[in-house]
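Remarks on the structure that follows.
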There are 2 protein chains.
Amino acid sequence: MYCDFNIKEFTKQLQNSCTKIQTKKIKKNNTITTYIKNRNQICILVNGKADLIKYDINGNKTIIETLKENDTFGEIFFPMTTNSDLFVIAKEDCEVISFIFDDISKKCSRTCKFHETLKTNLLNLFIKKIVNQNIRIELLTKRSIREKLKSYFSSLSKNSSIKTFYIPISYTDLADYLSIDRSAMMRELKSLQEENIITRKGNKITLNK
Amino acid sequence: MYCDFNIKEFTKQLQNSCTKIQTKKIKKNNTITTYIKNRNQICILVNGKADLIKYDINGNKTIIETLKENDTFGEIFFPMTTNSDLFVIAKEDCEVISFIFDDISKKCSRTCKFHETLKTNLLNLFIKKIVNQNIRIELLTKRSIREKLKSYFSSLSKNSSIKTFYIPISYTDLADYLSIDRSAMMRELKSLQEENIITRKGNKITLNK
DNA sequence: TAAAATCTGTTGCAATTGCAACATTTTTCT
DNA sequence: AGAAAAATGTTGCAATTGCAACAGATTTTA
């Protein structure tokens, strides 16, 4: 598989390589703004969970990305013309490493033996990120709240035989993630239950039939 | 800048490297299905334009991605559980190269001198792809048709001083790209004109104020 | 160049969705 | 433990959006 490598090992390699890297620990609910201020900086979440969020002019919050262990983020991934303010908020205590992309991509003058391994690992991380983004795009292109919910649920029950699962985020956050109104989402969840398409108890969902 | 390299040069390097690569030419309106059937295959569009499209159960067409020169695509970028059918359609005559990711990521036994350059170039291409996907996600998270249109327009007039531009795709395709109903979109375009927020003549748009 | 296909433009109507405003429950903080 | 904050759940109403069904314009194809 294309992403079966060990992030801890990768971090260790980075620390031993010629590349200058930073390690930071961020407490739950704190903002990891620093990691999204330098162009060409790439961050990797080593531990914990975080959300990349945005507020629009009307105050609507959108969760652009939910980040977990192994996920990459940083301003390098956004167009220079981005006019919205982006924040990365730690949802749990987080450990983050960051480095400048040029240090990885440029030829290593000291021909350190880790340099090329890093590139390969980064390629794997990027592919993983692109896959996640495609899942997100698939969700967002759904035309109705019902379809968005069904799509989200089916991504949670990856193995098609597992029909019961727990929603890993709050319903408030889920609405922001699906980019829909929370009350409209709750109403739709109710309909899905009434039509016996799902069974719901708290954040435990079962897909019926 | 992080993506200022020459795709032609890259292609030439690929051909001289130890990596097995394929080159194919596809005529306008033909389907490039072959390029999205093998897991771990990465394709690069060297010339032309293409759309990555999807049809849902209700027959709604969605343009997942608009591909142009330098863009990467392939099944490697989608989760294995994807149940929707994806097609890549050439919108113009296209030239595509493809190779197996493992051939790039694994160590080169013949230590050919291009191998590492390829990795670096791929990293650049992947970052470019992630940036494009973020632009798409930004668009799709917009809560209304009006906001989606304004967001799309502003991405076209990247340089904020340029207020006039041409929409590079048909309005029918634009609706599929924004994942909205075409007639509702036309109605909104009309409102934007009536409120003098834009001026529109065919596919030429001017942002007023 | 004529016919076919696609794209653009428009409208009425129905369905979906967002908004505002609550009450209730659960979680977090001191 | 008690207060404060956040999350869940609900509803009526208004606004937005999608759908269907056209007509006309433009482009492609035979």
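The figures here come from the full heavy-atom set of this structure, side chains too, leaving out hydrogens, waters and symmetry mates.
Between Phe77(B) and Phe101(B), the ring centre distance reaches or exceeds 6.0 Å.
The pair Lys49(A)-Asp71(A) does not meet the salt-bridge criterion, since no charged nitrogen lies less than 4.0 angstrom from a carboxylate oxygen. Salt bridge status for Asp181(A) with Arg143(B): absent, with no side-chain N to carboxylate O gap under 4.0 Å. Comment: Asp93(A) engages Lys27(A) in a salt bridge, judged by a side-chain N to carboxylate O separation of less than 4.0 angstrom. Salt-bridge formation is not detected for the pair Lys148(A)/Glu188(A): no Lys NZ or Arg NE/NH1/NH2 atom is positioned less than 4.0 Å from an Asp or Glu carboxylate oxygen.
Using cut-offs of 30° and 60° on the angle between ring planes, the pair Tyr152(B) and Tyr177(B) is perpendicular.
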- line: Expected string for nucleotides 25-30 of chain C under the B/S/- scheme (protein heavy atoms, under 4.0 Å, primed atoms plus P, OP1, OP2 as sugar-phosphate) is ------
Nucleotides 8-22 of chain C: protein proximity per nucleotide (B base, S sugar-phosphate only, - neither; heavy atom, under 4.0 Å): BBBBB----BBBB--
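For Leu45(B) against Ala50(B), the heavy-atom pair with the smallest separation is CD2-N, 4.0 Å.
Residue Asn203(B) contributes atom CG, which lies 18 Å from atom P of dA25(D) at whole-angstrom precision. The NZ-P distance, from Lys91(A) to dA7(D), rounds to 7 Å in whole Å.
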field: Derivation and outcome, side chain to side chain donor-acceptor pair (under 3.5 Å), residues Glu92(B) and Asn47(B)
entry: CA-CA 9 Å; Glu92(B) 298 175 359; Asn47(B) 271 313; over 6 Å; no
